[in-house]
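Single-structure report; data block below.
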Amino acid sequence: MADPKGFLTTPREEWPRRPVEERVRDWNEVYVPGALLPIVSAQADRCMDCGVPFCHQACPLGNLIPEWNELVSREDWRAAAERLHATNNFPEFTGRLCPAPCEAGCVLAINQPAVTIKNVECAIADRAWEEGFAPPAPPERLSGRTVAVIGSGPTGLAAAQQLTRAGHTVAVYERDDRVGGLMRYGIPAFKMEKRHLERRVEQMRAEGTRFRTSTTVGRDVGAVELRARYDAVVIATGATAWRELAVPGRELAGIHQAMEYLPLANRVCEGDLESSPLSAAGRHVVIVGGGDTGADCLGTAVREGAASVTQLDIYGRPGDERDEDAEPWPTYPKLYRLSAAHEEAGVLRMAPVVGAGADTGADARLFAASTVRFAGDGGGRVCALHLVGVDAGRRPVPGTERVLPVDLVLLALGFSGPERGDGLLAQLGVELSPRGTVARDAGFGTNVPGVFAAGDAARGQSLIVWAIAEGRAVAAAVDRHLTGSASRLPAPIGPYDRPMTV
């Protein structure tokens, strides 16, 4: 235990964000560079080293949080990096992108603000790279076995790195021109700069993992041919089939899916485009969907210079504190959270007068709102969104109808499962679950021998920590299949494990 009284004497202090007026003028990460290290050791001191650390259970990776908290409090960064990487291939990703269910499970969070676990994790990961504590770890010998991993999101990358380090020859197939999946083109740079991704990919190349970009399996390469070429195949394509909004007027021009909009903005940051053809500059934007993807659209629209932005959430405004009856500790509670993007929209007063501002403190969100229909101008382009307030059962509330002026509508309604248009699943002949995800057995195997499925393609839309945990677990299953014996690779979760709920 670092400081026995740390949680009593030290208040919670988070990584400070840059001023809104400064950060919205660029695409760099929102946090003040270098401001985390001076505070992180004292924050790690707040860890109680409790007898039963529920943060372990709350995190599907099983991160050894009390151990690396103590090491950070003593500023033993090398040892902290070793303990962190023992359970997490990509802590620099999770330290920036994960919503931190570990903090919800922190024992201190029963009656005090939780330890800033996510910030400590990010500090360790960044320090590890700065000090050279994360060198490539190529295998001592090769097994002679080959594996194809389809998809280069966090699941595919984690599986590939684990299998490569175990001595298997691994090739990762990615349909986009760059590696990373949604981390590359779905996550804005202000949440995670792509240099973190590039650095990890270069490490994997140095270890021996091969990458085949701009290659759609099922179209550019036949899935059956690929299966015949490799000893095992891992489907890690993610759940990228987006949900639609079936309301009148959906066919109007100016209504786009979030994953049509965000990749273009990311390509501008990559230097591929001078400007996005879907840019929000000068437009009145409405985002339908209250989740993280919607918030990513919000922050992107603010940086592109939108005239106004409103984000619609069909759910009511969450409370500021945990409802102990509905969501008792240590489950992850649904709370009112102010992301960096919402803070920016509030400070800059991006919400129109008739939109979210009057109801939400001007953070651009309108809660308990359901889209009824879109209206167009004479040229077939969307110009208005008609909505109605709803109760807890999503039933319309009379007298709450309103109209929002809009030039650009972004649909951020989540994803239903893997896409099927490329022919991958049909060509392989894998069975699907009733939910439309890839069906698998207790060993992550599909109905096709030698073909495994992991991540959102099989689990359904989930968090990055679950994606990495799936990648590590499927790697252990594939290793067992290839060697015919127990694997030395860790398997933090099973295919049927789920987050803690009531």
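The chain is numbered in sequence order, starting from 1.
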- request: Answer yes if the side chains of Thr94 and Asn88 hold a donor-acceptor pair under 3.5 Å, and no otherwise.
  value: yes
- request: Would you check if the distance from the ring center of Phe415 to the ring center of Trp242 is below 6.0 Å?
  value: no
task: Return yes if a side-chain donor-acceptor contact under 3.5 Å exists between Thr87 and Asn63, otherwise no.
output: yes
message: Does either side chain, that of Gln162 or that of Asn89, offer a donor lying less than 3.5 Å from an acceptor on the other one?
response: yes
message: Strictly below 4.0 Å, N to O, side chains only: are Glu174 and Arg184 in salt-bridge contact?
response: no
- request: Examine the side chains of Glu103 and Tyr332 and answer whether a donor and an acceptor come within less than 3.5 Å of each other.
  value: no
message: Salt bridge check, Arg200 against Glu92: does any charged N sit closer than 4.0 Å to a carboxylate O?
response: yes
- request: Answer yes or no for Arg317 and Tyr336: cation-pi contact, defined as NZ/CZ to six-membered ring centre under 6.0 Å and angle to ring axis within 45°.
  value: yes
- prompt: Does a donor on one side chain and an acceptor on the other come within less than 3.5 Å for Arg23 and Tyr31?
  reply: no
message: Applying side chain to side chain contact (heavy atoms under 4.5 Å, CB included) to Thr300 and Leu298, what does each step give before you reach the verdict?
response: CA-CA 5 Å; Thr300 299; Leu298 175 61; over 6 Å; no
message: So that I can tick it off, tell me whether Arg18 and Asp26 are bridged by a salt bridge, with the cut-off set at under 4.0 angstrom between side-chain N and carboxylate O.
response: yes
message: Quick check with a 6.0 Å cut-off and a 45 degree axis cone: is Lys334 positioned over the face of Tyr315's six-membered ring?
response: yes
message: Salt bridge or not between Glu198 and Arg205? Use side-chain N to carboxylate O under 4.0 Å.
response: no
- line: side-chain contact (heavy atoms from CB on, under 4.5 Å) with Ser308: of Met350, Arg283, His284, only one passes, and it is His284
task: Enter the distance from Tyr185:OH to Glu270:CD here, rounded to the nearest 0.5 Å.
output: 5.5 Å
message: Is it the case that the side chains of Thr437 and Ser433 hold a donor-acceptor pair, with the cut-off being a distance below 3.5 Å and no angle test?
response: yes
query: In Å, rounded to the nearest 0.5 Å, how long is the span from OG1 of Thr293 to CD of Gln461?
result: 6.5 Å
- prompt: Between Gln43 and Glu14, does any side-chain donor sit less than 3.5 Å from a side-chain acceptor?
  reply: no
Side chain to side chain donor-acceptor pair (under 3.5 Å) evaluation trace for Glu470 with Thr155: CA-CA 6 Å; Glu470 286 255 343; Thr155 296; 5.9 Å; no
task: Using only heavy-atom distances, determine whether the side chains of Thr209 and Thr164 contain a donor-acceptor pair under 3.5 Å.
output: yes
- prompt: Among Lys191, Arg17, Arg96, which residue meets the salt bridge (charged side-chain N to carboxylate O under 4.0 Å, His left out) test with Glu29?
  reply: Arg96
message: If I take atom CD1 from residue Ile150 and atom CG from residue Leu428, how far apart are they, to the nearest 0.5 angstrom?
response: 6.0 Å
message: Once rounded to the nearest 0.5 Å, what's the spacing between atom OH of Tyr173 and atom OG1 of Thr216?
response: 12.5 Å
message: Salt bridge check, Asp272 against Arg178: does any charged N sit closer than 4.0 Å to a carboxylate O?
response: yes
- request: Please determine if Arg267 and Asp177 form a salt bridge, counting it only when a charged side-chain N lies under 4.0 Å from a carboxylate O.
  value: yes
- prompt: Can you check whether Leu312 reaches Thr310 side chain to side chain, under 4.5 Å on heavy atoms?
  reply: yes
task: Kindly compute the distance separating SG (Cys269) from CZ (Arg303), expressed to the nearest 0.5 Å.
output: 9.5 Å
